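So the structure is just underneath, and the comments pick up after that.
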Amino acid sequence: MPAYHSSFNEEPDVRQVGNMSVLPIKTKFRGVAPMADPSQADIVDETLDLFRANSLFRNFEIKGPADRTLIVLILFISDCLAKIGSAKTTPTKIEATKSLNTLSVDNFPIPGDANFALNAHYAAPASRADAEYLRSYLTQVRQELSSRLVEVLYGQTDVPSKWWMSFQKRRFMNRSLGA
């Protein structure tokens, strides 16, 4: 059974930095990301929907630039779950929000950096300006993703969902972004 790929691979007129798509998102955070239609699903919604199914796969055939963005976001969710799961006591919704927001804005490697885990599959940005744009975009997307992930994990309770936390040790493609 093949892995689930991004539905945004065939989107026309999407900016690419390196060989990663810069897709529009619905966000409340300031940044460089293009704004998405609020009535439509964005890459963050798609990542949350596909995370649990795709994290069962060891191999993932990249079919387009949106798949590369999807991979980075799936690996970020894995790091978020590992961060919540590694706490000495189970964090409350507020503590998890703070912790994941900090994780999302911390300095992280981007494609082309020496310590980026998937450099073999990603092209480096063409210029320093493109690299800064990609870092800003990924920071904004990570902030939005961590915010929505907390809502999915906790819902109306102060305890994370065991159905999500069961994926904290599972590694998509046996990789990690290194958080």
Side-chain angles (χ1 to χ4, degrees), residues 1-9 11 14 20-58 60 66-108 117 135-179:
M1 185 171 145
Y4 297 97
H5 295 277
S6 176
S7 61
F8 296 103
N9 278 327
E11 285 287 312
V14 172
M20 248 177 101
S21 286
V22 175
L23 297 163
I25 60 171
K26 301 176 288 194
T27 184
K28 61 183 178 273
F29 297 98
R30 250 189 316 176
V32 298
M35 290 301 292
D37 179 5
S39 64
Q40 300 290 320
D42 63 0
I43 188 68
V44 176
D45 293 328
E46 186 176 64
T47 303
L48 289 168
D49 290 343
L50 298 179
F51 169 74
R52 292 186 291 178
N54 276 350
S55 61
L56 300 173
F57 293 101
R58 290 190 125 149
F60 187 85
D67 277 348
R68 288 185 175 83
T69 305
L70 180 69
I71 289 169
V72 168
L73 296 179
I74 286 174
L75 292 174
F76 178 67
I77 290 177
S78 293
D79 291 346
C80 290
L81 293 177
K83 178 130 179 127
I84 290 172
S86 68
K88 296 221 185 281
T89 60
T90 305
T92 64
K93 188 174 184 177
I94 294 170
E95 291 167 344
T97 301
K98 289 178 185 176
S99 174
L100 295 185
N101 194 37
T102 301
L103 178 64
S104 62
V105 297
D106 278 347
N107 195 15
F108 57 92
R135 185 175 304 280
S136 297
Y137 172 74
L138 288 176
T139 299
Q140 184 181 7
V141 172
R142 286 164 55 121
Q143 285 177 303
E144 185 62 33
L145 180 57
S146 66
S147 172
R148 291 193 212 172
L149 179 62
V150 168
E151 291 303 317
V152 169
L153 271 177
Y154 287 85
Q156 301 302 316
T157 66
D158 240 8
V159 179
S161 164
K162 66 181 180 181
W163 305 112
W164 274 86
M165 293 309 294
S166 64
F167 287 88
Q168 71 184 342
K169 293 198 184 332
R170 188 166 283 284
R171 292 285 171 230
F172 176 58
M173 298 172 50
N174 283 337
R175 299 294 174 108
S176 171
L177 291 178

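All values reported here derive from a predicted model rather than from experimental measurement.
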- request: Over 60° means perpendicular and under 30° means parallel, so classify the ring planes of Tyr4 and Phe57, tilted if in between.
  value: perpendicular
- request: Evaluate the criterion side chain to side chain contact (heavy atoms under 4.5 Å, CB included) for residue pair Met20 and Tyr137; output intermediate values, then yes/no.
  value: CA-CA 11 Å; Met20 248 177 101; Tyr137 172 74; 5.6 Å; no
Salt-bridge criterion met for Asp45 and Lys26 (N-O under 4.0 Å): yes
Non-hydrogen atoms of [X] and [Y] that approach each other most closely:
X: Pro91; Y: Pro160; value: O-CD, 4.3 Å
X: His5; Y: Asp67; value: ND1-OD2, 2.8 Å
X: Glu46; Y: Ser6; value: OE1-OG, 2.7 Å
X: Met165; Y: Leu81; value: CE-O, 3.6 Å

query: Would Thr69 and Val22 satisfy side chain to side chain contact (heavy atoms under 4.5 Å, CB included), going step by step from the backbone distance to the final call?
result: CA-CA 8 Å; Thr69 305; Val22 175; over 6 Å; no
- prompt: Would you say the side chains of Ser21 and Glu11 form a donor-acceptor pair under 3.5 Å?
  reply: no
query: Is any side-chain heavy atom of Gln140 closer than 4.5 Å to a side-chain heavy atom of Arg30?
result: no
Measure the spacing between [atom1] of [X] and [atom2] of [Y] and express it to the nearest 0.5 Å.
X: Phe76; Y: Ser104; atom1: CZ; atom2: OG; value: 5.0 Å
X: Leu73; Y: Leu149; atom1: CG; atom2: CG; value: 11.5 Å
X: Ile84; Y: Ser146; atom1: CD1; atom2: OG; value: 9.5 Å
X: Cys80; Y: Leu100; atom1: SG; atom2: CG; value: 4.5 Å
X: Leu70; Y: Asn54; atom1: CG; atom2: CG; value: 6.0 Å
X: Phe8; Y: Ile43; atom1: CZ; atom2: CD1; value: 5.5 Å

field: From Val72, Thr27, Leu23, Ile25, residue fulfilling side chain to side chain contact (heavy atoms under 4.5 Å, CB included) relative to Val141
entry: Ile25
field: Flag, side chain of Ser147 to backbone of Gln143, donor-acceptor distance under 3.5 Å
entry: no
- prompt: side chain to side chain contact (heavy atoms under 4.5 Å, CB included) between Leu48 and Trp164: does it pass, once the steps are laid out?
  reply: CA-CA 11 Å; Leu48 289 168; Trp164 274 86; 4.3 Å; yes
field: side chain to side chain contact (heavy atoms under 4.5 Å, CB included) between Asp42 and Arg148, intermediate numbers included
entry: CA-CA 12 Å; Asp42 63 0; Arg148 291 193 212 172; 2.9 Å; yes
- prompt: What pairs of residues pass the salt bridge (charged side-chain N to carboxylate O under 4.0 Å, His left out) test when at least one of them lies in residues 83-103, not counting sequence neighbours?
  reply: Lys93-Glu151
- request: Would you please name every residue forming a side-chain hydrogen bond (donor to acceptor under 3.5 Å, both in side chains) with Thr139, sequence neighbours left out?
  value: none
query: With a cut-off of under 6.0 Å to the ring centre and 45° to the axis, is Arg135 in cation-pi contact with Phe108?
result: yes
